[in-house]
Every structure is written in C-alpha cells, then in structure tokens.
Amino acid sequence: MKYTMNTPKTKKTKTSKFSQFFYTFLLHPLLILGSLSTLPQSTVAQPNPITAARQQINSRSLNLKQFHRTFSSSDKAFSQVNSVSALKDIEPTDWAYEALRSLVERYGCLKGYPDLTYRGNHPLSREQFAAGLNACLNTIESLMQENVAVLREDIEKIKRLAQEFESELTALGARIDNLEARVSFLEDHQFSTTSKLFAQVIWSIDEAFGDKIGEDQDESQMRMAYRIRLNQETSFTGKDILRTRFEINTFRPLNLTTGTNMTRFSYDNNSGSPNFRESQVHIPHLWYRTPLGSDVTLTVGTVGIGYIDLLSTFAPPTVNDESRGIPSLFGEYSPVYRRGGGGGGINWDMTKNLQLSLAYVGGDPNDPQQGKGLFNGTYHTIAQLALSLEKGQVGFAYSRSYFPAGRTDLMGGTGSLLAIQPFGNNIATSGDFYTLQGYYQITPNVQIHGWGGYVDSIAQSSAISNISNGVGDLIPTFVNRGNHASIAYGAIGLSFPDLTGENHLPGILIGIPPKVTASNVRSPQLLGRGQDTAYHIEAFYRIPLNENINITPGFWAIVNPEHNNFNETQWVGHIRTGFNF
C-alpha cells in the first residue's frame, strides 16, 4: 500500500460563507459606506490590485474546479476566462447573467474550461451559478480587506445577487464544511507528512530438474517460498530521498540442490552472506540521496548500498525488476553491478546526454577489526560513462574489486564456481572489470538489451587453495601471488512490452555465464575433465492481473553447467507472483 501524503500539514482557512458576507455587508451598511466615502463613483485606479488579491485568496476561494468535482464527474484542466459571455452555456437573458458578467470582467474572479463550456450546451443551473458567484464574493471581500477600492455599484449588485441565491450559497457552504472536515481527518490520520511506504511481495513455486553437479541424482524438490520488502522513502526537501528497507526472505538458493550458482534466482536469500538470517526481519538497505547543485547527485549509505543504487544498469524499464522482470540471477543484469556494502557515489550530468558516475563500496564498513572496516577489507570501486540515446542507453564501465582470503565472490554469485573463486577459497583476490552494456527500443513493442565483460583477476597472496574442477570436486593447488586468471561473460535479451496486451511482458535471454577462459594456476587435474562453454537460455512471460498483481511463468536451461559437458543440463521452472503496492 502506498501512503503518499507528502505535504506538511497546514492550517486551513475556510472559504467565506454567505452568512458572513450577508451580515457584514447588509447589516453594517455604515461600515461599507465609510470604507468608500473617500472614493469617486468610478473605477478606482490601483496597479494590478485584482491579480495580487486573487493570489492571496487562492487557498480560500472555491474555484469552479472544486465546484465541478462536487457537481460533475469530469476532472479536466482549467484556463482563465475573461468574460462570462465567452462561456457558451450561460444563458444571457437573465439579469443575474449581466450582473455576474460585469463582476467577472472587472475583478477576474471566475474560471471555466478550455473549450469555454461548463457541461456541453446545457444552461447553467442555479447551484452552478452560485458556485461562480461564491468565487466572486470571496475575491471582492478579500480586496476590501486589503483596502483595495471596490465600486459602490458593484456592492449593490453583490447584495442583490446574494439575496437572490441565498439558499444555494448556504448549501454550498455546508458542502465546503464537509469537505474541510474530511481533509482534516485525513491529515490527522496520515502515515507521514514526509514519507512514502512501498511494499513488494514475491511468491514463487519452482523446481530445478537435472542431476546435481558431481552427483548421479536430481536432489531438487518443488518448493514455495516468499520474500517481503517494505521500502520507506523519506524526503526532507522534496528533492532528496532517505530509503530504509525492511525485508524477510525464505528463498534458499537452488545451488544448494543443483550444485551450481547458474540456477539461482534474482530474489533468493543469498544465505552465504554473513549478515543474513533466514525468516527474520532485517534491514538490508539504508541510503540517502541528495542533489549537489543542478548537475551532480550524491548517494551515500551505511548498509546494502550497491552499484545498482548508484548508477544505471542499462536495462529497459521493468526488465531487471525482481518481481516483474527476468527471474534468474544471471539474466537480471551484468555481474559487474553485483556489489554491495557501505559507501557512496556521485552522478555528474556532464551534458544533456552524457553522465559520469563514480562510486566506492566497502564490504564490511561497520567492522573495526583488522582487515575489515570501510577501506581495509573487501572493497569495490567503479567509474562509468553513460550515453543516453533517443530510444536507449549505452555505457562503458571500469570496476576494481578486492576480496580477502576466504571472502572471494568475484562474480556476485553468478557463473561457475571457478569464475567466482578463480584461485580457490584461500587466496586474497582482486579483479579488474571492463564491461560494455546497453539497450535500445527497436519499436514500441520490441526492445533489445545486452552486456559483455572481461575480467583480469589476480592472486594477492600465496598458499595451497582448493580450486573447483567443474564437476563437483575441489582440487588442492598451490597458488603464487601474482597469478592471473581471465574471465569472460555476455548476454543478449529481447523483450516485447505490451505486444500481447497492456503491461504484458514476454521476453527471452541467451547468454554465457562468467567463465574462466585462461589461468596460469590450473593443473592437469583441472584441465582434463571435458572443459566446455555453458549456455544460459531463458524465457518468461509476465501477465498482469491488475495494476498491483502480476504472474510470471517461465523457465531457463543451463547447457553444460559449470562450463563442463560432463554435467547434465539443468532446467529451472517457476511461476512467480509479484505484488507491488
């Protein structure tokens, strides 16, 4: 549910009622005459008094847009009308028409529709006319309170009109009182004057098919799980955002039963994270964004801030949304963006179409122990240049990551275990990423996106380490500081928004998950087991049930999982339901 009361509560000033006007101007004629005694009998000349007064009473007067919402179901835009005669459906034969016409033209107190009609060609009802009269009463009353002179003959017209439409004005005042009471109630019971609350819920029924890596049997079972996210977004200036995320997640990664990260969902619980606790509410995300001038935006966060919060991932709208887009972890976006922790970054709009992004994220920013902290443990830096096109975006990024021994996850949980830990689990590892990514809308219903990357990983320590051989075994291998391993990956996707119906999204994606293409530490044992290339082939179809609920059936296949043709093809099927409100 969205709570979107964004404006601070302000004290309401009631619209003037007929009774106030009647008793003030009819029972106290001496007051009126006294205020006019020094004025001539012609129009008083003062510079722009009507415009200034009208601006001050905007919050008080009932304009015809408010009136129309009361008496009609239409909600069109309004524009200023300078003459009642321009309103085609006001009958000009009654004396009241001429009286109101003169007041409107002199004091500019009536508004109408751009097509210069109220309700087609129908004459104005007495209630509708009273709404217009009420606007003029408020305007003229405000002028007099500001000591702006008003013609005596106009006062006489107002008195006669007020007497003629007394019952209609009284009824109008009662309706205004009711509306003001309802607004006051909503303001008193609103969630926050500065915050919005967004919720996202994912349900999924899914199962993987295929023998587990290194095993001769399929260990996966059908499961149903959920993830709930609540994002509270607070703004203090109207331009900044403080996001606090609360989350509970019961999705255990499928690699526990398939033996490969290539089967993971984008919304699983990343149970390898030291900060994760299954089925417990935690705060995985806390950051603040604010503009620094007109061209630079600063974003900083203490936990869970990632590259995806700091810069563009170059995907078409909703394609990389976890509840409405591609369900697989690898297919969501380029692995270079799977970095998180505490830190910050800036986005600089160098020109209208060119943006430079710089970011730094530390993996253990809250831990003061040796080898951790904001700058002395796991860290990630990135520089990205993004070019916006008329129907798409393209960007180049350079990123560097460093992982201490025992913490290496070079590819953000995607690709083969060898690509994730090219030197095993006991070696400090760094990686230099060079990536290109982008998307383009070919037609309103056909869009293409993709990415490709090369990583030069370097061993930062020397030791014996257990390295994956791609078929479920870890081979003890000696690694020298300075050893290199090259990693490559890429994907291309097609999606078809609204092609089969409004907000429907069919899509396909084909890619090569991160793969070690060369290494100077791989022993004959690592090289001799049918090295090959894995292919990720995915199809999905988002079907909206309404504005807030969608269902996405789909599947993906991993041919030669772990880049080894000794392994059986893995299939993942799912039916995901997403709730966004």
Side-chain angles (χ1 to χ4, degrees), residues 1-3 196-208 220-233 243-258 261-287 301 303-309 313 315 317-333 335 337-341 409 412-414 505 507 538 540-556 572-581:
M1 181 177 295
K2 291 185 182 179
Y3 299 84
K196 298 180 182 180
L197 186 64
F198 300 91
Q200 182 188 86
V201 179
I202 295 175
W203 291 351
S204 178
I205 299 176
D206 51 67
E207 185 174 1
S220 295
Q221 302 295 321
M222 182 177 293
R223 60 95 182 262
M224 181 168 67
Y226 68 87
R227 188 190 75 183
I228 301 173
R229 279 183 175 176
L230 299 177
N231 282 350
Q232 179 177 308
E233 295 189 354
R243 174 181 289 178
T244 305
R245 173 175 292 169
F246 303 89
E247 180 175 317
I248 182 170
N249 194 332
T250 64
F251 284 99
R252 304 198 73 189
L254 287 186
N255 66 308
L256 298 175
T257 57
T258 63
N261 284 281
M262 297 179 183
T263 58
R264 286 185 57 181
F265 285 93
S266 63
Y267 42 83
D268 69 33
N269 62 24
N270 193 25
S271 58
S273 169
N275 298 319
F276 179 79
R277 298 293 182 270
E278 188 175 278
S279 301
Q280 293 185 9
V281 177
H282 61 296
I283 299 179
H285 208 56
L286 180 63
W287 54 254
V303 62
I305 188 169
Y307 283 177
I308 62 172
D309 304 307
T313 58
T318 75
V319 166
N320 61 357
D321 186 290
E322 293 175 357
S323 74
R324 294 176 289 187
I326 296 178
S328 69
L329 187 71
F330 171 68
E332 190 177 21
Y333 45 73
Y337 299 114
R338 297 199 174 278
R339 302 288 180 261
D409 184 2
T414 66
L505 184 66
E538 183 169 7
F540 67 97
Y541 185 7
R542 184 185 74 205
I543 305 169
L545 299 184
N546 56 41
E547 183 180 355
N548 303 105
I549 305 174
N550 63 83
I551 294 179
T552 308
F555 75 92
W556 72 88
V572 180
H574 62 85
I575 300 177
R576 178 192 63 194
T577 303
F579 304 84
N580 294 272
F581 52 98

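In what follows, residues are counted from 1 in the order of the sequence shown.
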Which pair of non-hydrogen atoms, one from W556 and one from M262, has the smallest distance, and what is that distance?
-> NE1-O, 3.3 Å
Say you draw a straight line from CZ of R229 to CZ of R245; how long is it, rounded to the nearest 0.5 Å?
-> 4.0 Å
Minimal non-hydrogen separation, A208 against S220, with atom names | O-CB, 3.3 Å
State, to 0.1 Å, how close I202 and S323 come at their nearest heavy-atom pair, and which atoms those are.
-> CG1-CB, 3.8 Å
Could R338 and Y333 be counted as a cation-pi pair, given that NZ or CZ must be under 6.0 Å from the ring centre and within 45° of the axis?
-> yes
Beyond-backbone contact of R576 with Y267, side-chain heavy atoms, under 4.5 angstrom | yes
Above 12 or not: heavy atoms from other molecules or residues under 6.0 Å from CD1 of I575?
-> no
Heavy-atom nearest pair, S204 first then H574, reads OG-CB, 4.3 Å
What's the spacing between T577 OG1 and I549 CD1 if we round to 0.5 Å?
-> 8.5 Å
Can you check whether F265 reaches L329 side chain to side chain, under 4.5 Å on heavy atoms?
-> no
Minimum-distance pair of heavy atoms, taken over all atoms of G304 and D309 | O-OD2, 3.7 Å
Which heavy atom of A225 sits nearest a heavy atom of T250, and at what distance?
-> CB-OG1, 3.4 Å
Excluding sequence neighbours, so at least two apart, what forms salt bridge (Lys or Arg N to Asp or Glu O under 4.0 Å) with E207?
-> none
Go through I283 and F246 one step at a time and tell me if the side-chain contact (heavy atoms from CB on, under 4.5 Å) criterion holds.
-> CA-CA 5 Å; I283 299 179; F246 303 89; 3.9 Å; yes
Can you list every salt bridge (Lys or Arg N to Asp or Glu O under 4.0 Å) pair that touches residues 542-555, not counting sequence neighbours?
-> none
Would you say the side chain of R223 lies within less than 4.5 Å of the side chain of L254, judging by non-hydrogen atoms?
-> yes
Pairwise distance OG1(T552) to CD1(I543) - rounded to 0.5 angstrom | 7.5 Å
Quick one: does D409's side chain have a donor or acceptor within less than 3.5 Å of a partner on G412's backbone?
-> yes
List the steps, then state whether side-chain contact (heavy atoms from CB on, under 4.5 Å) holds for H282 with V303.
-> CA-CA 11 Å; H282 61 296; V303 62; over 6 Å; no
Full working for side-chain contact (heavy atoms from CB on, under 4.5 Å) between F540 and L505 | CA-CA 8 Å; F540 67 97; L505 184 66; 4.1 Å; yes
Hey, what do you get for CG (N231) to CZ (R243), rounding to the nearest 0.5 Å?
-> 4.5 Å
Are any of the side-chain heavy atoms of I205 and M222 separated by less than 4.5 Å?
-> yes
Atom CD in E322, atom CG in D268: separation rounded to 0.5 Å?
-> 9.0 Å
Between the CG atom in D321 and the CG atom in N580, the distance rounded to the nearest 0.5 Å is 6.0 Å
Answer yes or no: is there a side-chain heavy-atom contact under 4.5 Å between V319 and I326?
-> yes
